Asks: 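I have a structure here, written as structure tokens, and I will follow up with some questions on it.
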Amino acid sequence: MNRIERLFAQKPHNVLSIYCTAGFPHLDDTISVLQALEHSGADIVEIGIPFSDPVADGQTIQQSGGVALHNGMTLDILFQQLRGVRDSSHANVQIPLVLMGYINPILQFGVRKFCQCCAEVGVDGVIVPDLPVELYEREYLSAFQEYGVCNILLVTPQTSDERIKRIDTVSKGFLYAVSSAGTTGNVLSMDAEREAYFTRLAALKLQNPVMIGFGIADKTSFDDACRFANGAIIGSAFIKAIGKSQNLPSDIRHFISSIKN
Amino acid sequence: MITATSQNFNVSDLGYYGQFGGAYIPEMLYPNVEHLRSVYLDIIAEPSFQEEFYSLLRDYVGRPTPLYYAKRLSDFYKTKIYLKREDLNHTGAHKINNTIGQILLAKRLGKTRIIAETGAGQHGVATATACALMGLECVVYMGAVDIERQKPNVERMQMLGAKVVPAMSGSQTLKDATNEAMRDWITNPTDTHYIIGSVVGPHPYPDMVTRFQSVISEEIIAQLREKEGCEAPDYVLACVGGGSNAAGAFYHFLDNNDVQLIAVEAGGKGVNTGFSAATTALGKPGVLHGSMTYLMQTQDGQVVEPFSISAGLDYPGIGPIHAHLFASGRARFESITDDEAMIAGKFLSRTEGIIPALETAHALAYLEKLGAKQHEIVVVNLSGRGDKDLQTYIEGAQERPHH
């Protein structure tokens, strides 16, 4: 059982996952952001690998990725930063960590080497938004399996029931349910259509826990999403909250407590 | 015919040309792209589609475009040069062949809103035109830098009723306009069809656009038969940004190894200056905009900002069909600098009375280096006219040196 599976076994409800961009706001902030998130009560952290052309992202995450690239962030540097992240004598971060990034930087790094590095540093799962399930199964699944890294796949309101079930059988760790049509950073409005989609997902009795992402920005949207799923993911709102931070631990604590309390 | 298939260079069932292509798309786009993939071949094979497509090409676009024997140019280069006059199409470039095809497809898919990306604005104008013709809403994404350097086309799109939205991210050129169009499609998945303007994007776009553009080489064959009594030239030259005009001009010659296919990329200020868009010279395999292809990128997989004086060639990738033609050696890829293209554009204007688009001028500039023999037949795909580039031509003071 890996850390993600253990988490959902212990805590099936109200799981809070936070997305941060690696190397943002400053190159060397990655580890301190992870530590502050764990101490503040986040359950999972998704670490974004910056990419020059993030087509599924809205402006906030695009800009944070641009800053991170300008700061010099690369996959090599990210794995260097993450070395020792699990050591109790070092960074001592114990919550599940997931890397989220577009396929091209991972391809250039080498998919097998990427999975190996994930396993070595203690990254539990990976989300690659532009890698559809067919391509993943055909070309990359074996590398992920070999190193025991979870590949977490996305479903959307437009995904058919049949396809959701198929994606559920391949996805590991959890299923990432995109809340509505759109890129990251739009605000979720809980309407009848949204409720029908979340209810449909719940009725499918999927094998994976479901986390809702895109448009979750505050306590209200987080609580709304948690009524229908095991938890929810906050990205753009968190990036905005720390973008100009002078005191990361304190600002992160305030942000997380605004969601949880 | 747009339903014809090549023996050796046809796309596979999974959307690949050799190792290139595929559909690397976010799940948000899957239903649209998959639906398109499952119906596009059947729709374009329908007699009613063919009838509508070819009659619009004839009566509205003005096809067939002439295959013009350029006598003065031929005398100068001491070979036989034919210009395939895509510049004489309605809207002034080959782009409309594809937008007519895709708009008919979009209508059959029940879509009511059309989006497009554009670099030089030729595809944007062609899309806005097709939308006006069919009464569909049209939004065109265009890099903020390109909006500045291609103003006449921006005004044409607006005149035609399209909304032009500036892409403000990255280098604010074609790649960024494509990113914005994809984000729009992700946000509006049900009512919107995305008319990609080149042979790029996820499968089935590269194949679909290639088919619609293949009317170019289909006509070249018939016209050569009439003018020269042969069915194939010795060389076909075309410029390549994403590569739609080249794909169309090459298509029916792909299986005929006697025809040398030459794709001319934008060298910018020079291939090794850091200001270039010569993708095959500078790139390596990677994924951008949904397909595996040659891509200008850093060692870390970040896409490198390309550079070319010509907005239509200012793209860091090439269509996967071209990646395969390059990797397999079936086509030769060359590059031409900004300065060489400017000189060639002015030279054609003075020699033949045809002002070519700056994109096309890259293909023309390669005539200088081709070294074709006297009896050989060279077809240059004159992909677009240069009205939109007058300002750039006038500002560049270079004249063609005398031989």
Side-chain angles (χ1 to χ4, degrees), chain A residues 49-59 62-63 65-66 68-69 72-78 101-110 114 127-136 138-139 153-160 163-164 167 175-178 180-186 214, chain B residues 14-16 19 21-35 37 167-171 175-192 201-203 283-293 295-305 316-317:
Chain A
I49 305 162
F51 181 49
S52 53
D53 295 82
V55 292
D57 285 305
Q59 282 197 3
Q62 281 177 46
Q63 283 163 4
L69 289 175
M73 181 48 77
T74 65
L75 254 181
D76 266 319
I77 292 176
L78 177 58
Y102 293 83
I103 185 73
N104 195 53
I106 298 172
L107 285 178
Q108 303 309 320
F109 189 83
F114 173 79
I127 303 170
V128 187
D130 57 347
L131 180 60
V133 63
E134 295 78 11
L135 260 163
Y136 168 66
R138 206 166 58 233
E139 316 235 349
L153 296 166
L154 275 62
V155 299
T156 83
Q158 280 73 43
T159 313
S160 68
R163 186 167 170 82
I164 291 173
I167 290 173
L175 204 62
Y176 191 131
V178 174
S180 50
T183 52
T184 55
N186 297 317
F214 285 42
Chain B
L14 293 171
Y16 286 86
Q19 59 165 312
Y24 291 82
I25 45 166
E27 190 59 29
M28 294 78 110
L29 289 179
Y30 178 84
N32 268 329
V33 172
E34 173 57 19
H35 185 222
R37 188 202 62 79
M168 306 298 290
S169 58
S171 57
K175 154 180 100 80
D176 312 290
T178 308
N179 290 343
E180 288 306 324
M182 288 197 155
R183 290 183 186 118
D184 181 308
W185 209 20
I186 286 172
T187 309
N188 300 287
T190 45
D191 64 343
T192 299
H203 179 62
K284 55 184 198 280
V287 172
L288 180 67
H289 297 145
S291 61
M292 172 76 74
T293 187
L295 183 60
M296 290 169 56
Q297 55 184 317
T298 64
Q299 206 178 352
D300 190 46
Q302 308 298 336
V303 180
V304 168
E305 307 290 1

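Note that the structure is predicted; figures quoted are calculated from it, not measured. Chain naming here is simple, since letters A, B, ... match the order of the sequence lines and numbering starts at 1 in each. Basis for what follows: all heavy atoms, side chains included, without hydrogens, waters or symmetry-related copies.
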Asks: Tell me, side chain or backbone of A:Phe109 under 4.5 Å from chain B's heavy atoms, or both, or neither?
Replies: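 Neither part; nothing is under 4.5 Å.
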Asks: Heavy-atom distances under 4.5 Å only: say whether A:Val128 touches chain B with side chain, backbone, both or neither.
Replies: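 Answer is neither: A:Val128 stays 4.5 Å or more from chain B.
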Asks: Given heavy-atom pairs under 4.5 angstrom as the criterion, report whether the side chain, backbone, both or neither of B:Glu305 touches chain A.
Replies: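 It is neither, since no heavy atom gets under 4.5 Å.
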Asks: List the residues meeting side-chain contact (heavy atoms from CB on, under 4.5 Å) with B:Thr190, not counting sequence neighbours, and say none if there are none.
Replies: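 Once residues adjacent in sequence are excluded, B:Thr190 has no partner under the side-chain contact (heavy atoms from CB on, under 4.5 Å) criterion.
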Asks: Could you state the interatomic distance from CE (B:Met292) to CG (A:Asn104), rounded to the nearest 0.5 Å?
Replies: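 Between B:Met292 CE and A:Asn104 CG, I get 8.0 Å after rounding to 0.5 Å.
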Asks: Less than 4.5 Å apart, side chain to side chain, heavy atoms only: is that true for B:Tyr24 and A:Leu135?
Replies: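 Yes, at least one pair of side-chain atoms sits under 4.5 Å.
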Asks: Check whether A:Gln158 gets within reach of chain B through its side chain, its backbone, both or neither, counting any heavy atom under 4.5 Å.
Replies: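 Both backbone and side chain of A:Gln158 come within 4.5 Å of chain B.
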Asks: I want to check something: taking the side chain as every heavy atom from C-beta on, are B:Tyr30 and A:Arg163 in contact at a cut-off of under 4.5 Å?
Replies: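 Yes; the side chains approach each other to less than 4.5 Å.
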Asks: A:Pro157 versus chain B, heavy atoms under 4.5 Å apart: side chain, backbone, both or neither?
Replies: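 The answer is neither part of A:Pro157.
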Asks: Verify the neighbour count for atom CD of A:Glu139: are there more than 12 heavy atoms of other residues, nucleotides or ligands below 6.0 Å?
Replies: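 For A:Glu139, atom CD is crowded (more than 12 foreign heavy atoms under 6.0 Å).
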Asks: As an exercise, state the distance from CG of B:Leu288 to CD1 of A:Ile103, rounded to the nearest 0.5 Å.
Replies: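 It comes to 13.0 Å.
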Asks: Counting only heavy atoms closer than 4.5 Å, note whether B:Met168 contacts chain A via side chain, backbone, both or neither.
Replies: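 Nothing of B:Met168, per the 4.5 Å heavy-atom cut-off to chain A.
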Asks: With only heavy atoms counted, which part of A:Leu107 is less than 4.5 Å from chain B, the side chain, the backbone, both or neither?
Replies: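 Contact with chain B involves the side chain of A:Leu107 alone.
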Asks: Indicate yes or no: at least one non-hydrogen side-chain atom of B:Asp300 is less than 4.5 angstrom from one of A:Asp76.
Replies: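 No, every pair of side-chain atoms sits at 4.5 Å or beyond.
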Asks: Less than 4.5 Å to any heavy atom of chain A: does that hold for the side chain of B:Leu29, its backbone, both, or neither?
Replies: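 Answer is neither: B:Leu29 stays 4.5 Å or more from chain A.
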Asks: Between A:Thr156, A:Leu153, A:Ile167, who has the most heavy-atom pairs with chain B when the cutoff is under 4.5 Å?
Replies: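 Of A:Thr156, A:Leu153, A:Ile167, A:Thr156 has the most heavy-atom pairs under 4.5 Å with chain B.
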Asks: Which answer fits B:Ala23, side chain, backbone, both or neither, if we ask what part of it has an atom under 4.5 Å from a heavy atom of chain A?
Replies: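 Contact with chain A involves the backbone of B:Ala23 alone.
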Asks: Report yes if the side chains of A:Pro105 and B:Gln302 come closer than 4.5 Å at any heavy-atom pair, otherwise no.
Replies: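 Touching, per the 4.5 Å side-chain cut-off.
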